[in-house]
There are 2 protein chains.
Amino acid sequence: MGTCCCDMRGMLSFLILFLLSKKPMHGQELAEEIGKRKGEKPSPGTIYPALKALREAGLIKEKRSGKIKIYELTKDGKLGLEEAKRQFCRTFTDVF
Amino acid sequence: MGTCCCDMRGMLSFLILFLLSKKPMHGQELAEEIGKRKGEKPSPGTIYPALKALREAGLIKEKRSGKIKIYELTKDGKLGLEEAKRQFCRTFTDVF
DNA sequence: ATAAACATATCGGGCGCCCAATATAATCAT
DNA sequence: ATGATTATATTGGGCGCCCGATATGTTTAT
């Protein structure tokens, strides 16, 4: 989509940031929430590389807690999400 | 995005179908409308292959009128768009 | 301790998005 | 008719999305 100027180019990344902004989650939890919305749960090969890219871009951070890793937005992630939301709403005006 | 079940897998295709559902347009007109919304006008190498794929999928049809081609939805295109809109709204609930 | 279950992670391959560059076709201005 | 303009179209290359397959690490059950 080219959602934003900064390191968040696709709709999956956008959706992940948006969901994490509502509630910090671990990977499986995130995958299930995306699955509920889209109708099909993304595979591990989809979700983990996306999380890795967002982490390397400095938009999310993680905390290990036993066998899971809880992800949440960084400050840059919050700023990036706000910008991306503005563009998203402008792009899809009237679709709803 | 995997927008839908049928031949319309990405956000660009979704946006094109949505815009054509509001008003039949030719390629350049469509590119400019997308540009207004996204902030950057897609290049010919983006827009024309997308239109070709949608035509070959039977979702849009075209009418030449001098140097331009006017695109509009087929019946399948209308049905596909409605289904894709439902999924889109479900996926991005609360973003707005 | 061993197995089962769960979560995270990587890899190869297919496909869509996107652009720059290039080409073709139709129209318009002179 | 010649050139400029506008619209359509294709190609090559980069990158993101997506899955199936496979691997690794952690916890839980037995």
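Numbered from 1 within each chain, the chains take letters A, B, ... in sequence-line order.
- The nearest whole Å value for the distance from the CG atom in A/Leu54 to the P atom in C/dA9 is 13 Å.
- The closest side-chain heavy-atom distance from A/Arg86 to A/Glu83 is below 4.5 Å.
- Atom-to-atom, CE of A/Met25 to C1' of C/dT8 comes out at 17 Å; the value is rounded to the nearest Å.
- At a threshold of 4.0 angstrom between heavy atoms, the contacts of A/Pro42 are confined to the sugar-phosphate backbone, with no base atom among them.
- Two residues are said to be in side-chain contact when any heavy atoms from C-beta on lie closer than 4.5 Å; B/Arg37 and A/Phe92 fail this criterion.
- Separating the CE atom of B/Met11 from the C1' atom of D/dC17 is a distance of 13 Å, rounded to the nearest angstrom.
- Under the 4.5 Å side-chain criterion, counting only non-hydrogen atoms from C-beta, B/Leu81 is not in contact with B/Leu59.
- At the phosphate of D/dC18, neither OP1 nor OP2 sits under 4.0 Å from any side-chain N or O atom of A/Lys41.
- Distance alone, capped at 3.5 Å, is enough to place a donor-acceptor pair between the B/Arg64 side chain and the B/Gly66 backbone.
- Put simply, CZ on B/Arg55 is 8 Å from P on D/dT10, counting in whole angstrom units.
- Distance A/Tyr48 OH to C/dC6 P: 13 Å, rounded to the nearest Å.
- A close approach under 4.0 Å does not occur between any side-chain nitrogen or oxygen of A/Lys52 and OP1 or OP2 of C/dA9.
- Residue B/Lys69 has its side chain nearest to D/dT8 when only D/dT8, C/dA7, D/dC17 are considered.
- Residues from residues 27-35 of chain B lying near DNA chain D, meaning a heavy-atom separation below 4.0 Å, are B/Gly27, B/Gln28 in numerical order.
- For the pair A/Leu20 and A/Leu54, the minimum side-chain heavy-atom distance is 4.5 Å or more.
- One atom, CD1 of B/Ile47, and another, C1' of C/dC19, lie 13 Å apart when rounded to the nearest Å.
- OP1 or OP2 of D/dG16 has not a single side-chain nitrogen or oxygen of A/Ser13 nearer than 4.0 Å.
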B/S/- along nucleotides 20-30 of chain D (protein heavy atoms under 4.0 Å) is B-----BS---
Check the pair B/Phe18 / B/Phe88 against ring pair (Phe, Tyr, Trp, His ring centres under 6.0 Å), numbers first and verdict last.
CA-CA 12 Å; B/Phe18 168 66; B/Phe88 180 84; 8.9 Å; no
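- B/Ser65 places a side-chain heavy atom less than 4.5 Å from the side chain of B/Ile68.
- Sorted by first then second residue, the salt bridge (charged side-chain N to carboxylate O under 4.0 Å, His left out) pairs that include residues 41-53 of chain A, not counting sequence neighbours, are A/Glu32-A/Lys41.
- Taking 4.5 Å as the limit, every side-chain heavy atom of A/Lys23 sits out of range of all side-chain heavy atoms of A/Glu33.
- Atom CD1 of B/Ile16 and atom C1' of D/dT8 are 14 Å apart (whole Å).
- Set against D/dC17, D/dT11, C/dT8, the side chain of B/Pro49 has D/dT11 as its closest nucleotide.
- For the pair A/Ile70 CD1 and C/dT8 P, the interatomic distance rounds to 8 Å; values are reported in whole Å.
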